[in-house]
Chemist: 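Before we start, here is the structure in question, set down as structure tokens.
Just so it is clear, the values below take in all heavy atoms, side chains as well, and ignore hydrogens, waters and symmetry mates. Both counts, for ligands and for their atoms, begin at 1 and track the order of listing.
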Amino acid sequence: MKKEFKEMLREKGRDELPKVLLAAAECAPLSKTGGLADVAGALPKSLAQLGIDARVITPYHRVIKEKYADQVEHLFYFYVDLGWRHEYAGIEKLVLDGVTIYLVDNEHYFGDKIYRGGEAEGEQYCFFTRAVLDAIPNLDFAPDVVHCNDWHTAMIPFLAKTQYLGGMQEDLKFLLTIHNIAFQGIYSYHFVKDMLGVDDRYFTYDALNLNDNPNFLKAGCLFADKINTVSPSYAWEIMTSEYSEGLEDVLLYRAEDLSGIINGIDKKVFNPNADPLLPAKFSRGRLKGKAVCKAALQERMGLEQRPDVPLFAMVTRMTGQKGFDLVTAILDSLMGSEDMQFMLLGTGDARFENFMRAAEYRYKGRLCAYIGYSEELSHLVYAGSDFFLMPSRFEPCGLSQMIAMRYGSLPIVRETGGLRDTVQPYNQYTGEGNGFSFANYDAWELRDTVRRALACYQDKDVMTALISHAMETDFGFELSAQEYARLYICML
Ligand code: ADP
Ligand code: GLC
């Protein structure tokens, strides 16, 4: 055990590291729609290296059952009451890469989409919340800290502290990590009362309500013992009305207990030098393989086979958060005036999908819009592209820019949240930097930044240096895991 942890523990009168149960709606590689899954998958592995037994509890989504059914062990089952509903909850156990994952089984709630939207999604995750709390005393593991993630699990501390008094949950500590404050889980009084049997005295502005509606994330922010978010910049941004989506008062009130811990990526999964999903391997200083990946990407996506043309890429959920308003505003201006290619891999809002499909038609051979989700293709896009666009309106952390850098694709980002904390803009005077950035959410600033990147592309030495800086930046999960370890110990 690290000496620092030993000393911290001694102050708490303990000699054992805390045990952690991480509750998350998705967990890679089992189920994934975005970065939350990557974090839930990677963090426990890095914590294990520090000697912390961190396990995951997550829904047994159908996508998991289809692939892993023969590897899971059934532990026990019980029934969950949600209002008049009486629902089966099975607890299965799966050990993957040394990490124990508890899967909550119910084919009705987790037999379809990971997120069903609207009240159906509220019901899915009220069920999950209740199942987690009811399962804890019967697990073959006694956690000290329950680590909740986003609104889907944010009611866990509230329910533990209001409905489980005298139970094992009363002694637990709760950490809430906010991965994205834009999603809060806002439902009606009747819905929440029915699903979770919450006492009327909690439907007030002091507790559950925000703007007259019960709000799951707000409940988590008030009732968790500590709160963190996924980058230092986002931690202060969400205390301002510009970014808080209405929660600034609550977060300012909890400011003492709020911190920012930047995410990392799984360096084994994202490793250009040993990635089985790539046609050729490469590393810093040995970039030949990257050129092979670029050619393979161009061929597969119907782009002109030109090694010399700068290839810009995006791999993303297509939502307002990710800066698509800016991309749609400048795409024609750029494609019309510059010699460049553009590759998009993403799904999301229909208006952005349609815009990109139409753009592909206009710029056949130079622009490809692959509307869909493909883990496998994403690796080739990161590896085969020269630049990676991420002009987000807000970005709690962002993993894609880190993955892009690891694969030598230079990020072009807006200076917000985790993008500000991970991308150091190129400085033409000192040669420092590992990407490009702009400050304001403004289409012309993005266009100018793309043009600056294009100018650099013409200078082989500058490009080689920047790619090298990007690829050598250490985005492993080890440092984040150490910070989480400190936070868990503080909470004991
Ligand atoms: P967010 O969680 O807000 O979507 P992040 O940058 O934190 O953004 O994480 C996104 C993760 O999801 C990355 O691992 C990225 O590669 C992956 N991803 C997003 N869209 C797609 C897609 N269409 N196909 C494959 N992977 C995707
Ligand atoms: C959210 C955020 C993203 C972050 C991810 C993992 O999806 O949008 O910025 O990287 O969570 O924490």
Side-chain angles (χ1 to χ4, degrees), residues 22 24-29 31-43 114-115 147-153 176-184 217 228-235 237-238 243 245 260-267 269-270 275 277 301 313-324 343-349 352-353 356 368-383 385 388-407 409 411 413-414 416-423 475 477 480 483-484:
L22 197 132
E26 48 183 289
C27 176
S31 53
K32 173 169 163 181
T33 68
L36 165 61
D38 289 316
V39 175
L43 178 60
I114 296 179
Y115 304 112
H147 181 165
C148 306
N149 294 276
D150 278 349
W151 76 261
H152 297 97
T153 50
L176 172 67
T177 299
I178 301 174
H179 296 263
N180 195 333
I181 208 164
F183 303 107
Q184 300 183 353
L217 193 66
N228 84 297
T229 182
V230 286
S231 68
S233 286
Y234 197 59
E237 284 174 350
I238 56 175
Y243 286 96
E245 306 281 342
I261 302 179
I262 197 93
N263 291 324
I265 53 173
D266 190 324
K267 285 197 282 190
V269 176
F270 300 108
D275 190 333
L277 299 172
M301 293 296 123
M314 293 181 83
V315 177
T316 184
R317 291 186 291 116
M318 300 172 78
T319 66
Q321 171 189 344
K322 300 294 177 180
F324 265 92
M343 165 75 215
L344 167 100
L345 166 61
T347 55
D349 296 357
F352 297 133
E353 290 186 352
M356 290 308 299
C368 170
Y370 184 106
I371 305 298
Y373 187 95
S374 165
E375 190 72 34
E376 178 260 326
L377 177 57
S378 74
H379 286 235
L380 186 60
V381 177
Y382 288 116
S385 55
F388 191 83
L389 279 188
M390 215 163 155
S392 304
R393 180 186 291 275
F394 66 93
E395 197 59 73
C397 177
L399 301 173
S400 299
Q401 83 280 11
M402 298 192 223
I403 304 172
M405 284 189 256
R406 182 133 169 91
Y407 285 82
S409 180
V413 306
R414 186 169 97 81
T416 183
L419 297 175
R420 182 209 323 265
D421 296 343
T422 53
V423 176
F475 292 118
F477 232 110
S480 332
E483 286 205 46
Y484 276 105

Chemist: One residue to check: T177. Relative to ligand 2, which of side chain, backbone, both or neither has a non-hydrogen atom less than 4.0 Å away?
Modeler: neither
Chemist: Do any nitrogen or oxygen atoms of T347 come within less than 3.5 Å of a nitrogen or oxygen of ligand 1?
Modeler: no
Chemist: Using heavy atoms and a threshold below 4.0 Å, how should the contact between I403 and ligand 1 be classified: side chain, backbone, both, or neither?
Modeler: side chain
Chemist: We want to know whether Y373 and S378 form a side-chain donor-acceptor pair, criterion being a heavy-atom distance below 3.5 angstrom.
Modeler: no
Chemist: Just need the protein heavy atom nearest to atom 16 (O) of ligand 1, so name the residue and atom and give the distance.
Modeler: Y382 OH, 2.6 Å
Chemist: Judging by distance only, is a nitrogen or oxygen of G34 under 3.5 angstrom from one on ligand 1?
Modeler: no
Chemist: Are the side chain of D266 and the backbone of A42 linked by a donor-acceptor contact shorter than 3.5 Å?
Modeler: no
Chemist: Using heavy atoms and a 4.0 Å limit, tell me yes or no: is Y370 in contact with ligand 1?
Modeler: no
Chemist: Nearest non-hydrogen contact with atom 4 (C) of ligand 2 belongs to which option: G417, G398, A40, G35?
Modeler: G398
Chemist: If you have a sec, work out which protein heavy atom is nearest atom 23 (N) of ligand 1 and how many Å separate them, to one decimal?
Modeler: G372 O, 2.9 Å
Chemist: Strictly under 6.0 Å, is that where the ring centroids of H152 and F183 end up?
Modeler: no
Chemist: So which heavy atom in the protein is nearest atom 22 (C) of ligand 1, and how far is it from that ligand atom?
Modeler: Y373 CD1, 3.4 Å
Chemist: Just to confirm my output: which protein heavy-atom neighbour is closest to atom 11 (C) of ligand 1, and how far is it?
Modeler: D38 OD2, 3.7 Å
Chemist: Quick one: nearest non-hydrogen protein atom to atom 2 (O) of ligand 1, plus distance?
Modeler: G35 N, 2.6 Å
Chemist: Flag K322 as yes when one of its N or O atoms lies below 3.5 Å from any N or O atom of ligand 1, and as no otherwise.
Modeler: yes
Chemist: If the plane angle is over 60° it's perpendicular, under 30° parallel, otherwise tilted; pick one for Y407 and H379.
Modeler: perpendicular
Chemist: Specify side chain, backbone, both or neither for Q401, according to which of its non-hydrogen atoms lie closer than 4.0 Å to ligand 1.
Modeler: neither
Chemist: Heavy atom under 4.0 Å from ligand 1: found in C397's side chain, backbone, both, or neither?
Modeler: neither
Chemist: For atom 7 (O) of ligand 1, what's the nearest protein heavy-atom neighbour? Residue, atom name and distance, please.
Modeler: L399 N, 3.2 Å
Chemist: May I ask you to check whether V230 has an N/O atom sitting below 3.5 Å from an N/O atom of ligand 2?
Modeler: no
Chemist: Using the side-chain contact (heavy atoms from CB on, under 4.5 Å) rule, pick out the option among D421, N228, T416, N180 that qualifies with Y234.
Modeler: N180
Chemist: Which protein non-hydrogen atom lies closest to atom 25 (C) of ligand 1, naming both residue and atom, and how far is it?
Modeler: S374 O, 3.3 Å
Chemist: In the structure I gave you, are the side-chain heavy atoms of M314 and M356 within less than 4.5 Å of one another anywhere?
Modeler: no
Chemist: Within the side chain of E395, is there an N or O that forms a donor-acceptor pair under 3.5 Å with the backbone of V413?
Modeler: no
Chemist: Would you mind reporting whether P411 and M405 have side-chain heavy atoms less than 4.5 Å apart?
Modeler: yes
Chemist: Under 4.0 angstrom from ligand 2, any heavy atom of Q401?
Modeler: no
Chemist: With a cut-off of 4.0 Å, which atoms of ligand 1 are near a heavy atom of G346?
Modeler: 23 (N)
Chemist: Closer than 4.0 Å to some heavy atom of V315 - which atoms of ligand 1 meet that?
Modeler: 16 (O), 18 (N), 21 (C), 26 (N), 27 (C)
Chemist: Check for a donor-acceptor pair, side chain of N149 on one end and backbone N or O of A25 on the other, with a separation under 3.5 Å.
Modeler: no
Chemist: Among all protein heavy atoms, pick the one closest to atom 12 (O) of ligand 1 and tell me residue, atom and distance.
Modeler: K32 CE, 3.6 Å
Chemist: Would one find an N or O of E375, backbone or side chain, under 3.5 Å from an N or O of ligand 1?
Modeler: no
Chemist: Report yes if S378 has an N/O atom closer than 3.5 Å to an N/O atom of ligand 1; otherwise report no.
Modeler: no
Chemist: Please classify the M390 to ligand 2 contact at 4.0 Å (heavy-atom distances, strictly less than): side chain, backbone, both or neither.
Modeler: neither
Chemist: Could you list the atoms of ligand 1 found under 4.0 angstrom from a heavy atom of G398?
Modeler: 6 (O), 7 (O)
Chemist: Measuring only between side-chain heavy atoms, which start at C-beta, is L344 closer than 4.5 Å to F324?
Modeler: yes
Chemist: Hey, does L377 have a side-chain heavy atom less than 4.5 Å from the side chain of M301?
Modeler: yes
Chemist: Can you find an N/O atom of E395 closer than 3.5 Å to an N/O atom of ligand 2?
Modeler: yes
Chemist: Can you tell me which portion of T316 lies within the under-4.0 Å heavy-atom range of ligand 1? Options are side chain, backbone, both, or neither.
Modeler: backbone
Chemist: Between the side chain of R420 and the main-chain N/O of S233, is any donor-acceptor distance below 3.5 Å?
Modeler: no
Chemist: Using a strict 4.0 Å cut-off to heavy atoms of R317, name the atoms of ligand 1 that fall inside it.
Modeler: 1 (P), 3 (O), 4 (O), 20 (N)
